[in-house]
Peer 1: 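Below is the structure I would like to discuss, written out as C-alpha cells.
Just the heavy atoms: all of them, side chains too, but no hydrogens, waters or symmetry mates, feed the values below. When a ligand or atom number is given, it counts from 1 through the structure's own listing order.
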Amino acid sequence: TDPVARRLSFAALGVLGPTSGLRAAGSVLFAVAAAAVSAEAVKKAAVARRGASTLRTGAVATAQDGARRTAAPQMTATTSTTVQTEADAAATKIWAEQWWPLGFAAHTSRAAPVAVTLLGAPLVVWWDDSAGAWRCTLDRCSHRLAPLSEGRVTSDGCIECPYHGWAFDGQGQCVRVPQQEEGSAPCRSRRAAVLALPIMEAQGVIWVWGGGLFESAAVTPPEESGPALVDVLERPGVEHSDYSRDLHMDWSTLCENVMDPAHLPFTHHKTISRRSKAAPISFGALENFSHTGFTAVRQTAGGPGRLTFRAPLLVLAETHRGPDSYSDWNVVYAVPTEPGRCRLLVRVVFEVSKLPIPLKWVLSFAFTKQPTWWTHLGTHQILEDDNPFLHAQGHAYRAGHATKLAPDWKRRLYMPTASDGMVVAFRRWLDAYSDGEGALWSRVAPTTETPLRRASKEEVLERYLSHVAHCSACSGALRNIRTTMRLAEGGVVLGLLLAALLRARPAALALAALSFGVARLCAVLDARMRVGRYPPPRNVS
Ligand code: FES
Ligand SMILES: [Fe+2]
C-alpha cells in the first residue's frame, strides 16, 4: 500500500518483466500511479493555500473597521475622547504600550513579505534591504484592503500591493499609484497611507510596538521603553536554541503551562522527563507583584531556581543544578494573536561551559552545529506532548466563562498543593490587572465574545502552517528534502534501467536500492515536517 513502493514495483515490472505484455502492463501502471501522485500534489497545494489564507485572515478586521483604521493612520500619540478609568489606563499600558516579539530574525525570510497576527490585527513584516531594516504595517491596502503580504518587496524597499500595484514605504506612506494620472497626486492624501508600527531587532528577535493598534495608546514608543530582553543570553559560556510555533491555545493557557513545573514528569514522560521524577514542588513568597508581573523562588526536583512573569509576554524559568554545576533557563514569550490562539517563541538556554563531559560536547554540538530544522523537528514533539489537551483545557476555561458556570476561577478550579502556587498567582494577576480575561483585542479584531470552534487533533498537530511556513530554516530544508526525493526516485528508475540494459547488474541494482532508501527517508522527513504523531510517546507502551 506504500505509494512509493507501489510506483517502484510498477517501474520494475515495466523494465524487468519476463514478457513484453507484462512489461507493457508495468509501464502503463507506473504512468497511471505517477499521474495520480501529480493530481494529489496539486490537490494538497490547493488545500495548503486555502489553509494559509485562513491563518492569515482568521481574525481580521471587518471591511468597515479596516477602512476606518487605514483611512486614518495615527502618526502621533492620540488620546481617547472618552474619560479613561484607572483600570483602562493600566490595561492600555500592559497590552498596547508594549514591544511585542513577532519572530526570530534568523528564522524569518528576508526574501518575501511575511504575514503575522498580533492582538487580532493582521500585520505584514518585510526586510527593507535598501535601508537594512525590518518594516511593519497593517496587512491591509488603503485602496481596497487587499493583504499586502501577498504582494512583493520592491528594489527601493517598499511593499507593493498584489492587486493594483500601489506601493508603501516603511513609514506607511503611499509612494506609488500606477493608475494615477500624470500631474495628479492621490499619494499625498493621508487616506492613502497605511498604519505603520515601530519595529526593531534586538537579541535576535523582531519586536514591534503595539501602541498604534489602540486608539488611546502612544503610537511612538517612549524613550524609556524597551523590549523584554533576557540578560542571561549575554553571559559567556551560555548557548541557546530558538523555536517558534502558532498554537491552538489562548496566550493565558500557554503562560499558565510554563508556570507549572509539576506537569513535566507526566505530560513529557519519555521525551524530556519521566513519571518517576514526580515530587512535591514549592515556591517562595511572591515578590514585586504589580502590573508589570511577579517573581518567586522555587524548589523543584531539578534544583533551586526562580520563576518570573514579566507581564504580559514573558515567563522566565531558571534552575540551578547545584553550587558547582550548570544552570539552565526556559525563556518563553507568549504572544496573543487571535482569541484562542497565540504564538510561542521559546529560547532554551544552557550554561554549556559548566556541563559535565560528554553532555557538554553533546549540547555544544546541538546548540551550535546541528541543523536548525533537525532541532526544530525534535522540539515539535515536545510541544505536541501538551498541545492537544491544552487546547481542550483552554476551550473549557472559555466555555465555562461564556455559560456563566462558576465564573470565579477559585470555585471552578481546585488547586490544593503548593505546586500550583504560580498558577494561582497568575490568576490573581489576571483578576487584578486584566479584568480576569487576558489580552485586550485590537480595534481591528473581533471581540473575545467570538465563539471559538474546537480544533481537530489534526489541526492541533499540524506543523506546516503553524511553523514551517514562517520558519525559513525549515521551509528551506523542506524544499531540499523534496528535491532530493525526486532525484532519488529518478535514481531508482535509472538503476533498474541500467540493470536491464547493461552487464554491470550488481552495481546498477545497488544504485536502485540506495536511491530507494534515500527516497523513503525523504518521504518520512517530508511527513514529519507537515504533521505530528499521535498518540504522544507517554501513551505508547
Ligand atoms: S487593493 Fe491594493 S492596490 Fe488596489
Ligand atoms: Fe523551523
Peer 1: Pair His380, Tyr243 - check side-chain hydrogen bond (donor to acceptor under 3.5 Å, both in side chains), show working.
Peer 2: CA-CA 9 Å; His380 286 325; Tyr243 170 88; 2.7 Å; yes
Peer 1: Hey, what's the angle at the Fe ion (ligand 2) spanning SG (Cys471) and ND1 (His376), nearest 10 degrees?
Peer 2: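 SG of Cys471, the Fe ion (ligand 2) and ND1 of His376 span an angle of about 110°.
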Peer 1: Does Glu160 come within less than 4.0 Å of Arg152, counting only side-chain N to carboxylate O?
Peer 2: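 Looking at Glu160 and Arg152, the cut-off is met.
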Peer 1: Going by the rule salt bridge (Lys or Arg N to Asp or Glu O under 4.0 Å), which residues pair with Arg482 if we only count those two or more places apart in sequence or in a different chain?
Peer 2: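 Scan of Arg482 (salt bridge (Lys or Arg N to Asp or Glu O under 4.0 Å), adjacent residues dropped) gives Asp526.
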Peer 1: Tell me every residue that passes salt bridge (Lys or Arg N to Asp or Glu O under 4.0 Å) with Arg176, counting only those two or more places apart in sequence or in another chain.
Peer 2: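 If we apply the salt bridge (Lys or Arg N to Asp or Glu O under 4.0 Å) test to Arg176, skipping adjacent residues, the hits are Asp156.
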Peer 1: For a distance under 2.8 Å, tell me if His107 has an N/O/S atom near the Fe ion (ligand 2).
Peer 2: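 So His107 does not count as coordinating the Fe ion (ligand 2).
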Peer 1: Is any side-chain heavy atom of His470 closer than 4.5 Å to one of Asp246?
Peer 2: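 Asp246 vs His470: side chains touch.
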Peer 1: Do any protein N, O or S atoms sit under 2.8 Å from atom 4 (Fe) of ligand 1, and which ones are they?
Peer 2: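 Listed by chain and number: His143 ND1, His164 ND1.
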Peer 1: With sequence neighbours excluded, what pairs up with Trp126 under the ring-ring contact (aromatic ring centres under 6.0 Å, His included) test?
Peer 2: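 ring-ring contact (aromatic ring centres under 6.0 Å, His included) check on Trp126 returns nothing, list empty.
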Peer 1: Give a yes or no on whether a salt bridge exists between Arg245 and Glu384, defined as a side-chain N under 4.0 angstrom from a carboxylate O.
Peer 2: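 Judged by the 4.0 Å cut-off on N to carboxylate O distance, Arg245 and Glu384 do form a salt bridge.
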